[in-house]
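Structure first, then comments.
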Amino acid sequence: MSDVVLVLDAGSSSVKFGVFTVPASRDVELARLVHGRIEGIGVAPRFFAVAAGGERLAQHELANAVAHVDHQAALSHALEWLVPHLSGHRLAAVGHRIVHGGSLFAEPVRVTASVLSQLEALVPLAPLHQPHGIAGIRALAERLPDVPQIACFDTAFHRTQPAVAQLFGLPRELSGEGIRRYGFHGLSYQHIASQLPMYLGAHSDGRVIVAHLGNGASLCALRGRRSVASTMGFTALDGLLMGTRCGSLDPGVVLYLIDAKRMTTAQVAELLYERSGLLGVSGVSSDLRVLLASDKPAAARAIDLFVYRIVRELGSLVAALGGLDALVLTAGIGENSAIIRRRVCNEIGWLGLRLDPAANEANGPRISTADSPVSAWVIATNEELVIAHSVLDELSRQRTCMRSE
Ligand code: AMP
């Protein structure tokens, strides 16, 4: 019987899962046995599962199987499907993507009752995401109480940033309470950082900016493959324009919405997290593909703002790094949209980046010309793999501790 680890990534309206076989030696790459997702939670939930070879194992609507489908119910359904499909394997541990680790967690951690209450205390910092990660932990604990669970954080990778990059210009007692810049998408940046030597060779430890451009979007400045600055701050609202999130906003706008427009905090939160960004500016969709296909002027304006905000924020990270050696684009838009990559790279031509149009159309991996002083790359992100590796590290740490006791 071989050991497997399960990776769960609970987002705002979807839950992704992947099962990896635990290799006999650390030199062997992790192999994914099965993966799947439940999407459309709260609207029209659907379940998919796919085997390693690409064969579809399941595809069905969930509403017929479960009366009220919230995250907990969706997760329970996924587990009910998974457990019999894992026969012949032992589930050694589960890894969870948890959006916010606050200042407490700079590394993955084994979930205990006290860790769980610390994660709950961080819910106000990521109201759209944190509760779903916690629901995943609870669903697992209910069904498989003896299986160790490991929480892996989107904030942890950024804990290497210098103190000045983490500070807001607020009174120091508020910074002391934890009101500071945390940064997110850290599991994605960790994966890209691990891949850089393969693509950039000796330059991988130089000044690199990674653009994670998906439905959520942010930039991260790396030096020595460690985070030194990022565009997201206290919450995942800050920085770039996103699918439905506003990105950087003068805080005076929030005061105005509350004072002059008499909006409640819940209404402001819903506006900034769910009705702004590409969706709010275009009035058409949060999905870039839909906007690119639209002939509405407001759709074009939303794309213009998306690109403009990337270019503006990129300039500020170049300043934080003192120059730029390489730009990496990743996630749904970064990996797939040649148009957005072309527009961003052309706008920063002044930095010395020369785009290779044919390589860009072919999705890279190198999309800058051979003689470009700044190189540009398309590298696929893989947060699931980072979590699976962290789970294995944690399991072997525990085995070492038990042996030395
Ligand atoms: P993610 O959150 O990483 O899954 O990325 C979702 C975003 O990627 C959505 O805005 C999609 O429209 C966008 N996307 C995915 N594929 C493409 C594509 N081929 N061209 C343009 N945008 C894409």
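Counting starts at 1 for both ligands and their atoms, following the listed order.
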Students should be able to answer this: which protein heavy-atom is nearest to [atom], and at what distance?
| atom | answer |
| --- | --- |
| atom 2 (O) of ligand 1 | Asn215 N, 2.8 Å |
| atom 13 (C) of ligand 1 | Ile333 CG1, 3.5 Å |
| atom 3 (O) of ligand 1 | Gly332 N, 2.9 Å |
| atom 10 (O) of ligand 1 | Leu288 N, 3.1 Å |
| atom 23 (C) of ligand 1 | Arg289 CG, 3.7 Å |

**Residues which pass salt bridge (charged side-chain N to carboxylate O under 4.0 Å, His left out) with Asp9, listed by chain and number, not counting sequence neighbours** =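 Asp9: salt bridge (charged side-chain N to carboxylate O under 4.0 Å, His left out) contacts with Arg97.
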
Do [X] and [Y] meet the criterion of a side-chain donor-acceptor pair at a distance under 3.5 Å?
| X | Y | answer |
| --- | --- | --- |
| His89 | Ser2 | yes |
| Arg245 | Asn215 | no |
| Asp287 | Ser285 | no |

**Asked** Numbering the atoms of ligand 1 from 1, which are under 4.0 Å from a heavy atom of Gly214?
**Response**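 Numbered from 1, ligand 1 contributes 1 (P), 2 (O), 3 (O), 5 (O).
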
**Message:** I'd like to check whether Ser337 has a polar contact with ligand 1, where a contact means an N/O of the residue lying under 3.5 Å from an N/O of the ligand.
**Reply:**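 Checking ligand 1 against Ser337, no N or O pair falls under 3.5 Å apart.
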
**Asked** Can you find an N/O atom of Ala331 closer than 3.5 Å to an N/O atom of ligand 1?
**Response**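 The answer is no, given that Ala331 and ligand 1 share no N or O pair closer than 3.5 Å.
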
**Request:** Mind running salt bridge (Lys or Arg N to Asp or Glu O under 4.0 Å) on Asp238 and Arg181 for me, showing each step along the way?
**Result:** CA-CA 10 Å; Asp238 204 3; Arg181 302 180 63 87; 3.5 Å; yes

**Asked** Residues two or more places apart in sequence or in another chain: which of them pass side-chain contact (heavy atoms from CB on, under 4.5 Å) with Val109?
**Response**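 So Val109 forms a side-chain contact (heavy atoms from CB on, under 4.5 Å) with Phe105, Val115, Ala151, Phe153.
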
**Item:** Ser204 side, atom OG; Gln195 side, atom CD - distance, nearest 0.5 Å
**Value:**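 It comes to 11.5 Å.
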
**Request:** Closest by any non-hydrogen atom to atom 16 (N) of ligand 1: pick that one out of Thr381, Asp287, Asn336.
**Result:**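 Minimum heavy-atom distance to atom 16 (N) of ligand 1 goes to Asn336.
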
